[in-house]
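Note that these values count all heavy atoms, side chains included, but never hydrogens, waters or copies made by symmetry.
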Amino acid sequence: WDSLSICEYISENFIKGAGWPITPKRRAHARSISAEVHSEFLSLKKEWPMNCKISYKLNPSEKLQNEIARIDAIWSCSRRQFGQNGNYLYGRFSIADCMFAPIAICFKSYGAELCCEADLYMQTLLANPFVEKWRELGQKEKEIMFFKLKNSEIKKIVKQLEKSVKSHAAQAKTLKGVIRGTRANTK
């Protein structure tokens with residue numbers, strides 16, 4: 001099933017059409033950007049697939065940088081133009097915010113650089129209790145996602161892992177020394 005159709009169905013059948021902004025201008029704008037999420041941003045979907053388990057700073061390709069800039073502009077402009085009555089794109093939470101939630105998760109996972117206004121919106125989305133629950137459940141999934149990385153990105157991830165392992169090894173060694181010292185002092 002199509003995500004936008006599912007949102008429309010829920011809005012029409014369970015919340016009396018409240019999934020979209022009330023005014024025609026806001027509603028048309030929200031539908032337009034939701035459709036853009038649905039049909040565009042192919043580099044984002046290919047290079048940075050949604051994955052709640054990871055947190056790596058990846059360098060986006062030029063195409064992806066352009067898509068990130070477009071999303072940044074959508075978030076910032078929508079908030080400025082329509083978001084006066086709340087913290088979401090059109091003030092109150094809407095289907096448009098639902099469509100951008102997976103993108104916010106991707107941006108957080110891979111370290112997208114955003115302007116202050118877009119970053120604040122992303123943080124608002126990520127703090128939404130339903131999005132938090134979605135991320136929590138995603139982190140518990142057993143499925144492993146594989147995707148293509150450039151050699152430089154693989155090397156960067158390996159270095160981060162090595163650094164983490166060395167840090168844990170150093171902590172374990174220190175803790176072992178503390179335990180030995182404690183045992184020696186108690187004899």
Side-chain angles (χ1 to χ4, degrees), residues 1-52 54-138 147 150 153:
W1 288 91
D2 176 82
S3 57
L4 195 50
S5 296
I6 292 167
C7 289
E8 287 277 8
Y9 179 82
I10 291 168
S11 179
E12 291 171 7
N13 291 289
F14 297 101
I15 56 174
K16 299 178 183 175
W20 294 113
I22 297 169
T23 65
K25 183 177 180 180
R26 288 174 185 234
R27 191 167 48 250
H29 190 271
R31 282 191 165 120
S32 179
I33 65 169
S34 295
E36 189 171 351
V37 169
H38 191 264
S39 63
E40 298 294 327
F41 310 123
L42 301 178
S43 294
L44 174 67
K45 294 168 187 172
K46 179 182 176 188
E47 294 179 38
W48 287 6
M50 188 175 145
N51 189 333
C52 296
I54 64 167
S55 181
Y56 294 116
K57 174 80 171 134
L58 295 180
N59 296 322
S61 67
E62 186 176 339
K63 284 183 180 181
L64 180 52
Q65 286 176 5
N66 292 335
E67 290 179 4
I68 292 169
R70 172 64 185 141
I71 294 164
D72 188 298
I74 289 171
W75 290 357
S76 300
C77 292
S78 297
R79 286 283 310 127
R80 272 195 302 277
Q81 191 172 0
F82 302 111
Q84 301 83 3
N85 297 322
N87 296 321
Y88 294 101
L89 294 175
Y90 299 92
R92 67 175 176 76
F93 191 80
S94 71
I95 290 173
D97 301 298
C98 290
M99 297 300 289
F100 280 108
I103 292 176
I105 292 169
C106 289
F107 282 5
K108 177 73 173 168
S109 295
Y110 300 104
E113 294 179 11
L114 304 170
C115 75
C116 291
E117 196 166 17
D119 188 65
L120 181 61
Y121 169 70
M122 180 182 75
Q123 298 306 326
T124 297
L125 260 184
L126 295 173
N128 177 289
F130 296 105
V131 176
E132 284 181 333
K133 183 67 174 177
W134 187 14
R135 290 177 68 203
E136 177 188 321
L137 292 171
F147 57 98
K150 298 174 188 169
E153 292 168 337

So, does [X] use its side chain to make a donor-acceptor pair with the main chain of [Y] at under 3.5 Å?
X: N13; Y: Y9; answer: yes
X: R92; Y: A18; answer: yes
X: K63; Y: S43; answer: no
X: E67; Y: L44; answer: yes
X: R26; Y: F82; answer: yes
X: T124; Y: L120; answer: yes
X: E47; Y: P60; answer: no
X: S32; Y: A28; answer: no

To the nearest 0.5 Å, what is the distance between [atom1] on [X] and [atom2] on [Y]?
X: K108; Y: N51; atom1: NZ; atom2: CG; value: 14.5 Å
X: I68; Y: Y110; atom1: CD1; atom2: OH; value: 11.5 Å
X: S109; Y: I54; atom1: OG; atom2: CD1; value: 5.5 Å
X: I10; Y: S5; atom1: CD1; atom2: OG; value: 11.0 Å
X: E117; Y: D119; atom1: CD; atom2: CG; value: 11.0 Å
X: L64; Y: K46; atom1: CG; atom2: NZ; value: 11.0 Å

Would you name the heavy atoms of M122 and L114 that are closest together and state the gap between them?
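Looking at all heavy atoms of both residues, the closest pair is SD-CD1, 3.9 Å.
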Sequence neighbours left out, cut at 3.5 Å: what donor-acceptor pairs do the side chains of residues 95-107 make with other protein atoms?
from	atom 1	to	atom 2	distance (Å)
D97	OD1	L89	N	3.3
D97	OD1	Y121	OH	2.6
D97	OD2	S94	N	2.8
D97	OD2	S94	OG	3.3

Can you check side chain to side chain contact (heavy atoms under 4.5 Å, CB included) on C115 and W75, steps first, answer last?
CA-CA 10 Å; C115 75; W75 290 357; over 6 Å; no
Is it the case that over 12 heavy atoms from other parts of the model lie below 6.0 angstrom from the CD atom of E136?
yes
Counting neighbours of CD on E113 that are heavy atoms of other residues, nucleotides or ligands and sit closer than 6.0 Å, is the number greater than 12?
no
Show the numbers, then the answer: is there a side chain to side chain contact (heavy atoms under 4.5 Å, CB included) between H29 and Y90?
CA-CA 10 Å; H29 190 271; Y90 299 92; 2.5 Å; yes
H38 vs D2 side-chain heavy atoms within contact, under 4.5 Å
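They are in contact (side-chain heavy atoms under 4.5 Å apart), so the answer is yes.
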Whether R70 and E40 form a salt bridge (side-chain N of Lys/Arg under 4.0 Å from carboxylate O of Asp/Glu) is what I want to check.
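Not counted as a salt bridge, because no side-chain N and carboxylate O are separated by less than 4.0 Å.
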Strictly below 4.0 Å, N to O, side chains only: are E8 and R31 in salt-bridge contact?
yes
Would you list the atom pairs, donor with acceptor, under 3.5 Å between side chains in residues 127-135 and any protein atom, with sequence neighbours excluded?
from	atom 1	to	atom 2	distance (Å)
N128	OD1	F130	N	2.8
N128	OD1	V131	N	3.4
N128	ND2	Y88	OH	3.0

